[in-house]
There are 2 protein chains.
Amino acid sequence: MRTADLTATARIRNAAIELFARDGFQKTNVRAIAAAAGVSAALVIHHFGSKDGLRAVCDEFVLEVLTSRARAAGTSDLLGEYLADPDGYRSQIQYMNRALAEDSPAAQSFVEHIVGEAEAVHQAGVAAGAMRESSDRRALAVLNVLVSLATLTMPPALARALGQDEFGPAVLRRLAVPTLELYTYGLYTDDTALRTATAANEELSQS
Amino acid sequence: MRTADLTATARIRNAAIELFARDGFQKTNVRAIAAAAGVSAALVIHHFGSKDGLRAVCDEFVLEVLTSRARAAGTSDLLGEYLADPDGYRSQIQYMNRALAEDSPAAQSFVEHIVGEAEAVHQAGVAAGAMRESSDRRALAVLNVLVSLATLTMPPALARALGQDEFGPAVLRRLAVPTLELYTYGLYTDDTALRTATAANEELSQS
DNA sequence: CAATAGACTAAACACATGTTCAGCGCATGG
DNA sequence: CCATGCGCTGAACATGTGTTTAGTCTATTG
């Protein structure tokens, strides 16, 4: 699938996704997208109506690709998924990160899908005896998604704290062990923190 | 401290921080900052040289405020800190989030500071018998910072999955219990996942 | 009191950028 | 073979925006 074989519309879309992901929507201008796709700026508008129209199409496309890939892979484990094909996911994850920050409709749809899936995975894990039950399944699912997304979209400054230029397979592998230690044994040696939190919450819900 | 009592320079800086945090650097224009500060656009340039110069000053200012507040509070617990004064931290956390995403120098400095502190807290926790030892202290510190930052800068779409409009004290309190359950008991009931990960890493480092 | 400096402004300028316009080349269908 | 439509383009247009300029006002200083 050489880029030259794609239709101009598809090349524009792909170039836009790449650039939006790398530089953000505002910073990328139509002429840069056109140049990357090997067409004129006017053609971009001709096919998509406006820069915003192009964004909407890209949003939907990335959402579709991400969810369908996740469904196909079946694991519904974001991090493992990424490790299987780091380069293929890279720009799409970046893109989704930006969409999340800007709160686009596609981001909402993506989150709903993936939180639901995380909740199902946990429920299955509990049923199989592999995971502990939670006092708030929904919140746990959100927490798990949050951790996974945060890891995949880790800012370069944080990756540098691990001696890498930016997030990548090396960073993920290094983080995997402490993460799994946390998910296996926890970090605190007793439950004082947990008990104070639950107590505070109960007090709050009574008043 | 009414805004009218501040010097024009300070009012401009404060307005810029607010707007950069809310709308991002690119989307915010100099005239909007000037209007919010009650001055002319030309004065913004007069005092800060350029929009980029203003950004640099804001970066440094927010960095300084955040680290000094963290130092003063002493807990070095980002999440508890936030709960003590949600509104006061709100825009500064948003600002730092944007700075991290755009990889500004101030963000690097902030991360170094806070990761170091997280590592120290863990070490103290281990010494006091309150926390488990880790096989990779540095990576654990990064993970903890990542989780805290991700929570504080949670995208609205994810907050909506918990029935709230956006991140706030209510969301944080709801997440606190599952988070502390995770940090106290872990989630997995056995160590198969952990053992496969460590085995894979060792194999990798041998080859 | 005159003069100098600095805070501050309105208006103009320069340029980047989204979009429109008029037209070209080429394929398809009558 | 003409005509219609479509993919496509270069140039022009309109506007938003960072910055400059020239000048006003006010306070301080000699």
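Below, chain A is the first sequence line, B the second, and so on; all start at residue 1.
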Quiz item: What is the distance from CD1 of A:Ile12 to P of C:dT19, rounded to the nearest Å?
Solution: 14 Å
Practice problem: Could you tell me from which nucleotide to which nucleotide of DNA chain D, 5' to 3', there is an atom under 4.0 Å from chain B heavy atoms? | Solution: D:dT17 to D:dT20
Quiz item: Any side-chain heavy atom of B:Glu18 within less than 4.5 Å of one from B:Gln94?
Solution: no
Quiz item: Is it true that a side-chain atom of B:Thr67 and a backbone atom of B:Glu64 form a donor plus acceptor pair closer than 3.5 Å?
Solution: yes
Practice problem: For the residue pair A:Arg31 and A:Val44, establish whether any side-chain heavy-atom pair is separated by less than 4.5 Å. | Solution: no
Exercise. Determine whether B:His122 and B:Leu140 make a side-chain contact, defined as any pair of heavy atoms from C-beta on separated by less than 4.5 Å.
Key: yes
Quiz item: A:Val147 and A:Thr151: which non-hydrogen atoms are nearest, and at how many Å?
Solution: O-OG1, 2.7 Å
Practice problem: Ignoring backbone atoms, test whether B:His47 places a side-chain nitrogen or oxygen under 4.0 Å from the OP1 or OP2 oxygen of C:dG6. | Solution: no
Quiz item: Is there side-chain contact between B:Glu181 and A:Arg132, with heavy atoms separated by less than 4.5 Å?
Solution: no
Quiz prompt | Nearest-Å distance for atom pair NZ/P, residues A:Lys51 and C:dA16 | solution = 15 Å
Quiz item: When you check the gap from the basic side-chain N to the acidic O, do B:Glu102 and B:Arg55 get nearer than 4.0 Å?
Solution: yes
Self-check item: B:Tyr95 side chain to B:Asp59 backbone, donor-acceptor under 3.5 Å
Solution: yes
Exercise. Calculate the interatomic distance between A:Leu54 atom CG and C:dT17 atom C1'; express it in whole Å.
Key: 15 Å
Quiz item: Think B:His46 has a side-chain N or O under 4.0 angstrom from the OP1 or OP2 of C:dG6?
Solution: no
Quiz prompt | d(CG, A:Leu43; C1', C:dT20) in whole Å | solution = 14 Å
Quiz prompt | Protein-nucleotide distance (B:Ile45, atom CD1; C:dA7, atom C1'), rounded to Å | solution = 15 Å
Practice problem: Could you identify which residues of residues 24-31 of chain A place a heavy atom less than 4.0 Å from some atom of DNA chain C, listed by residue number, or say none? | Solution: A:Thr28, A:Asn29, A:Val30, A:Arg31
